[in-house]
Number of protein chains: 2
Amino acid sequence: MTTASTGGPRWLTDEEQSVWRAYLHATTLMEDHLDRQLQRDAGMPHIYYGLLVHLSRAPRRRKRMTELAKDAKITRSRLSHAVARLEKNGWVRREDCPSDKRGQNAVLTDEGYAMLARSAPGHVEAVRQAMFARLTPEQVRHLGEIMQVIAAGLQPEDTDADLPWLR
Amino acid sequence: MTTASTGGPRWLTDEEQSVWRAYLHATTLMEDHLDRQLQRDAGMPHIYYGLLVHLSRAPRRRKRMTELAKDAKITRSRLSHAVARLEKNGWVRREDCPSDKRGQNAVLTDEGYAMLARSAPGHVEAVRQAMFARLTPEQVRHLGEIMQVIAAGLQPEDTDADLPWLR
DNA sequence: TGTATCTAGTTCAACTTTCAAGAAAAGGTC
DNA sequence: GACCTTTTCTTGAAAGTTGAACTAGATACA
């Protein structure tokens with residue numbers, strides 16, 4: 001039942017509710033699926049794998065902790081723990097930042113890179129099967145646009161340029 | 001760069017990669033956003049809130065543990081811990097299942113229901129602002145269809161009816 | 001210089017999730 | 001009934017996450 005605007009709380013329409021449920025359902029299953037796949041084939045959860053991917057793309061395969069945390073959308077605290085674990089695995093190592101003595105670079109080791117090279121094909125295949133193999137090209141395009149819009153709305157603005165009180 | 005079919009591992013096209021990144025980005029931000037919103041306004045993470053919602057919709061506001069776990073797409077173990085926590089809050093209580101002495105029902109208490117009634121409007125508003133307020137009606141429809149397809153592909157088939165070796 | 005403030009990263013404790021193991025009841029088969 | 005298997009749910013330990021507190025170094029400014 002769709003509530004007309006009576007002054008009470010605004011609920012979602014039937015369609016919105018159904019879309020929201022589908023969204024939660026699909027995203028939960030996807031995350032579980034990939035976590036399991038990577039835990040099995042690469043010995044780490046999805047987010048840790050993502051950290052290695054980020055590092056592999058960075059110049060000289062290294063990145064400042066804070067920047068990496070920002071890229072991966074996790075807190076610095078969580079990153080500290082994660083890097084500690086990945087270091088224990090030998091896939092990442094920390095190195096002092098030469099220009100800022102507070103800073104640390106997380107560096108993808110050769111072993112880390114090799115692990116990534118080994119597990120990437122399987123992971124990509126899992127992603128393809130779970131998502132792209134099932135959608136039409138149009139749906140893929142739509143999904144991209146929709147996700148861009150949602151992310152933009154939730155993204156904390158990191159540029160102060162357009163904050164009125166700083167104009 | 002899009003790899004042609006050379007026999008090596010099949011990568012994603014540029015567009016697929018970009019859509020995949022957008023998907024990960026948006027879903028991560030959304031989950032964080034809602035977790036924070038509910039932790040702040042209802043004192044529990046999103047998934048726990050979801051459990052209360054499920055119970056509130058169930059007949060007599062109660063449900064067998066296994067069934068609840070299935071609905072919420074979490075393991076029974078996780079549910080056991082979660083219900084223990086919610087029980088401590090006074091929002092849920094366990095009750096023996098009369099027909100099966102192994103069974104337990106999770107029951108939404110009046111306090112739990114009140115808590116839900118109190119926090120639901122804010123949560124719905126958060127969902128609306130994060131998603132539906134930013135999408136066109138067409139995008140909402142597309143998103144629903146896309147999520148249905150993805151969920152269907154990942155959903156473990158619980159009917160054995162069509163397994164070939166049981167035919 | 002001195003001092004106040006900010007930033008980078010870590011650490012701790014509390015909480016949540018996972019995985020493997022286990023207790024208890026139910027269901028099947030002889 | 002006895003026996004074996006399956007289902008239901010819980011438990012405990014290990015792993016991961018969170019948010020607040022903390023250290024050390026950078027930055028700003030008088």
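Every chain is numbered from 1, with letters handed out A, B, ... down the list of sequences. Just so it is clear, the values below take in all heavy atoms, side chains as well, and ignore hydrogens, waters and symmetry mates.
Sequence neighbours left out, the pairs with a member in residues 144-154 of chain A that pass salt bridge (charged side-chain N to carboxylate O under 4.0 Å, His left out) are A/Arg141-A/Glu145. Within the structure, the side-chain hydrogen bond (donor to acceptor under 3.5 Å, both in side chains) test picks out the following pairs touching residues 54-66 of chain B (sequence neighbours left out): B/Arg62-B/Glu95, B/Lys63-B/Asp71. The stretch residues 36-56 of chain A participates, sequence neighbours left out, in no salt bridge (charged side-chain N to carboxylate O under 4.0 Å, His left out) pair at all. Applying the side-chain hydrogen bond (donor to acceptor under 3.5 Å, both in side chains) rule to pairs touching residues 80-90 of chain A yields A/Glu87-A/Arg94, sequence neighbours excluded.
In this structure, the CZ atom of B/Arg76 is 14 Å from the P atom of C/dA20, given to the nearest Å.
Evaluation of the side-chain contact (heavy atoms from CB on, under 4.5 Å) rule for A/Thr136 yields A/Glu138, A/Gln139 as partners, not counting sequence neighbours. In this structure, A/Asp35 has no salt bridge (Lys or Arg N to Asp or Glu O under 4.0 Å) partners at least two apart in sequence or on a different chain. Under the rule for a ring pair (Phe, Tyr, Trp, His ring centres under 6.0 Å), the partners of B/His142 that lie at least two apart in sequence or sit in another chain are A/His142. Residues satisfying the ring pair (Phe, Tyr, Trp, His ring centres under 6.0 Å) criterion with B/Tyr23, sequence neighbours excluded, are B/Trp20.
A heavy-atom distance below 4.0 Å to DNA chain D is reached by these residues of residues 89-105 of chain B, ordered by number: B/Arg94, B/Arg102, B/Gly103, B/Gln104.
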Q: For each nucleotide in nucleotides 13-19 of chain C, reading 5' to 3', give B when a protein heavy atom comes within less than 4.0 Å of its base, S when such contact involves only the sugar-phosphate, and - otherwise.
A: ---SBBB
Q: Let me see the working for B/Lys70 and B/Glu67 under salt bridge (Lys or Arg N to Asp or Glu O under 4.0 Å), right down to the final yes or no.
A: CA-CA 5 Å; B/Lys70 207 168 288 179; B/Glu67 207 182 340; over 6 Å; no
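Here B/Ile74 is tied into one hydrophobic group with B/Leu38, B/Met44, B/Ile47, B/Tyr48, B/Tyr49, B/Leu51, B/Leu52, B/Val53, B/Leu55, B/Met65, B/Leu68, B/Leu79, B/Val83, B/Leu86, B/Trp91, B/Val92, B/Leu108, B/Tyr113, B/Met115, B/Leu116, each link being a pair of ILVMFWY side chains closer than 4.5 Å.
Taking a heavy-atom distance under 4.0 Å as the criterion, the stretch of DNA chain D touched by chain B extends 5' to 3' from D/dT7 to D/dG19.
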